[in-house]
Structure formats: C-alpha cells, structure tokens
There are 2 protein chains.
Amino acid sequence: MPGPPWSHQRLRNRGFRLTLPRQAVLNIFNQNPRHLTAEEVFFLVHRNYPGIGLATVYRTLNLLTQMRLIHKFNFGDGRNRYELASKFKKKYHHLVCVQCGKIIDYDSPTEKEADSIKEIEKELVNKYKFKINSYQIHFYGICKDCQNKQGGE
Amino acid sequence: MPGPPWSHQRLRNRGFRLTLPRQAVLNIFNQNPRHLTAEEVFFLVHRNYPGIGLATVYRTLNLLTQMRLIHKFNFGDGRNRYELASKFKKKYHHLVCVQCGKIIDYDSPTEKEADSIKEIEKELVNKYKFKINSYQIHFYGICKDCQNKQGGE
DNA sequence: ATAATAATGAAAATCATTATCAATATAATT
DNA sequence: AATTATATTGATAATGATTTTCATTATTAT
Ligand SMILES: [Mn+2]
Ligand SMILES: [Mn+2]
Ligand SMILES: [Zn+2]
Ligand SMILES: [Zn+2]
C-alpha cells in the first residue's frame, strides 16, 4: 500500500478530508472495474465496514464525482452508475443492450476515431465557443446473447 | 393539416390507438424542438387540454419512445428528456454545460465523423457481435455564457 | 486542552416515475 | 343499433433513487 495517493492529494488540496468511508469507497472502485450503482457500492463497502451508511456512500459518490476521481453514467435504467476515472483513459464508450441491460466497455478507440473526435471538438469550440471537458458515447443495441435467444421470429 | 400522418400508422399497425392525449403530446413535440422533461410536456399540453393528466403524459412518452417516435435522453440532472425523432436525422449529439445545464444540439456531423462511427460499428459487430440500433454522444463542458461569467479567476 | 469545522449515520423528506383501479372511450361483433 | 371485448384514461397511491436534516462524532486549527 503506497502512501497518500493521487486521490488523497486531490481531496486535501480542496479542503476535504480523506476519511475512512471515503477511502473505503475508493478501494471498492479500485478493486472493481464495473459500473456500480450506489447501492452496489454500499453493499460492497458494507462487507468490510458495516458501520458506513448509505447516505454517506451517496455523499461520497457525489464528492468523488465533483473531484473527477470517478465518473457518473446513466444508461437509462433509472439509476446512476459510477466508474473509477483513469488518469490515462479519457474515453468512455459503452454498449448497452436494450434487452437485458448488460453494459460492455468499449475503451479501445481507433486512431481514426480519436482524430474524428478531436475534429468535432475543434468545430464545437469554433461554432459554439463551448469548452469541452469530457464526452461519452453510448451505443444502444442487442448483445450477442440476446440475439441468440430471441433472433428466431 | 394533413391526414393521418406517419405517427398514426405506426401506432395503429401495432394495435395502439391515436387518441387525443397522444396527439396532443405529439403536437407539442412537433412545435417544440427542445429537450422537454415530462413535466414540461405536461404543462404545455395542459394549456390546451387541461383534462389530460400527468400519468397519461408519462405513459404516452413511454409509448412514443417504444415506437421510436421520440427519443429519450438523460443528461445527468435527474430527469429524462424527450425529443422528436426525425425520419432523417439519426444522430443525437449534445453539448451539456455542466455549469448552467444548458443543452445545445449538435446535429451536423462531418463526413469524417460519419465514416468514423461506421467504422466503430463494424468493430463492435466483429468484436462483440453487438447489433447497434442507435447511439448518442454527450459532450460535457462549459458554454460560452458561463465562460464569460466565471472565467475570471 | 479548547474551540472551530467537517463529516457521519439514522431517519425523514423529496423528486421523478410507475402501478393501481374504477370509469370512460374505442373497436369489434352480433 | 345494441352488445361485448379491449384499450385508454385520470386520480391517487405507491415506489425507488437520491437528498436533506439534525444531533453526534471525528478531525483540524488555535
Ligand atoms: Mn465503463
Ligand atoms: Mn437534441
Ligand atoms: Zn442482452
Ligand atoms: Zn452554461
């Protein structure tokens, strides 16, 4: 376990404290690459720290989102999902199966795509004077499994 | 006013009726290019048809979404937003100001972008056997107005 | 130590959305 | 036209996710 990491500094620099609940939540994300709901985070945290309450989990998720240590997604199923922000990866592409709700990461954009996005960003700056912080692409469709199950008719 | 339009047929073909509330909601979208929340739709409908209830608006929004006559978006502010589906336009790109919440349409993708997306789709089909129905791109950042207001520090 | 401030947990409150259910409207059948 | 079956509606209650409240506890500054 390394000393005060990345996240520690980012919080402290803005006057927040890296408390036990906050560390616990961050640990969950470090161990878990998935797109966790608040409730899922709560349960996972709860295994090691039964004392930590759901409200604190929500508060922590909001804080970490503001600090950009995690990213918040909504895939249209009525609950938000969170994922650790990578220092390196800046692209958040997801395939969402509209049948079973499965979410697949697609984090390997081609050169061509990266170029294309940069181009769009340029256009947005020029046209709308809009300063882009981040972007998400959601692809909606039918996953492999669901195609096999229902492809009949 | 033309006869039974596009939307009429699409509903009837699947056994649904094009009732007054449903027409009223569709009219709102035809007159209003924005990204309306359910409540906004309700208020706008209410001006002409005070009898139509909020529950029916929600039901209608869900139905029209399933029929793909409108599209549903969630920009992370806790409520869903809806927009008329165009027969032609198949791209739904939005700029979301994380400061003021403003949503700007960006519906003029370049050739290059279109190509790039097609390429990605191909990759997704190959790699994940995922069949894509639609996609959305959300750009998050700071709009022109908010840059001017807060750009100082 | 002491005082000031931030963070927490439990519970209540809020907000958007959905489900229930009796009443009404529409379509199909006689 | 009358009758039956089916779909839709409005009002209201219920739900589920998230936020707020508030008294208590932990952390930091003095
Ligand atoms: Mn992901
Ligand atoms: Mn739009
Ligand atoms: Zn699936
Ligand atoms: Zn703005």
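Each chain gets a letter, A, B and so on, in the order the sequences are listed, and its residues count up from 1.
Salt-bridge annotation for B/Asp105 and B/Arg34: absent, with no side-chain N of the basic residue lying under 4.0 Å from a carboxylate O of the acidic one.
The CG atom of B/Leu54 sits 10 Å away from the P atom of C/dA16 (whole-angstrom rounding). Following rounding to the nearest Å, B/Lys72 (NZ) and C/dT18 (C1') show an atom-to-atom distance of 11 Å. For the pair A/Tyr58 OH and C/dA13 C1', the computed distance is 15 Å after rounding to whole Å. To the nearest angstrom, C1' of D/dA7 lies 13 Å from CG of B/Leu11. In this structure, A/Phe42 places its CZ atom 14 Å from P of D/dT18, rounding to the nearest Å. Atom CG of A/Leu61 and atom P of D/dT18 are 9 Å apart (whole Å). Between A/Arg12 atom CZ and C/dT5 atom C1' there is a gap of 13 Å when expressed in whole angstrom units. Going from atom CG of A/Leu20 over to atom C1' of D/dT25 covers 13 Å, rounded to whole Å.
Of the candidate nucleotides C/dT8, D/dA11, D/dT19, D/dT19 has the atom nearest to the side chain of A/Asn62. Distances from the side chain of B/Phe16 to the nucleotides D/dA11, D/dT8, C/dA10 place D/dT8 closest. Considering only the side chain of B/Ala38, C/dT17 comes nearest among C/dT17, D/dT18, C/dT8. Side-chain atoms of A/Thr56 lie closest to C/dT8 of the nucleotides C/dT8, C/dT18, D/dT9. Each of C/dA25, D/dA17, D/dT21 was ranked by its minimum atom distance to the side chain of B/Arg17; first place goes to C/dA25. Of the listed nucleotides (D/dT12, C/dA10, C/dT8), C/dT8 has the atom at the smallest distance from the side chain of A/Thr19. When the nucleotides D/dT18, D/dT28, C/dG9 are ranked by their closest atom to the side chain of A/Ile52, C/dG9 comes out on top.
A donor-acceptor pair under 3.5 Å is formed between the side chain of A/Gln147 and the backbone N or O of B/Lys129.
Using cut-offs of 30° and 60° for the angle between ring planes, the A/His71 and A/Tyr92 rings count as tilted.
Contact annotation: the side chain of A/Val45 approaches that of A/Val25 to within less than 4.5 Å [non-hydrogen atoms, C-beta and beyond].
Nearest-nucleotide mapping onto DNA chain C: of A/Leu63 and A/Ala55, the residue sitting toward the 5' end is A/Leu63.
The residue A/Arg22 sits close only to the backbone: its heavy atoms come under 4.0 Å of sugar-phosphate atoms, none of a base. B/Arg79 comes within contact range of the sugar-phosphate backbone alone, with a heavy-atom separation under 4.0 Å but no base atom that close.
Screening A/Tyr106, A/Tyr140, A/Phe73, A/Phe139 for a ring-ring contact (aromatic ring centres under 6.0 Å, His included) involving A/His94 leaves a single residue, A/Phe73.
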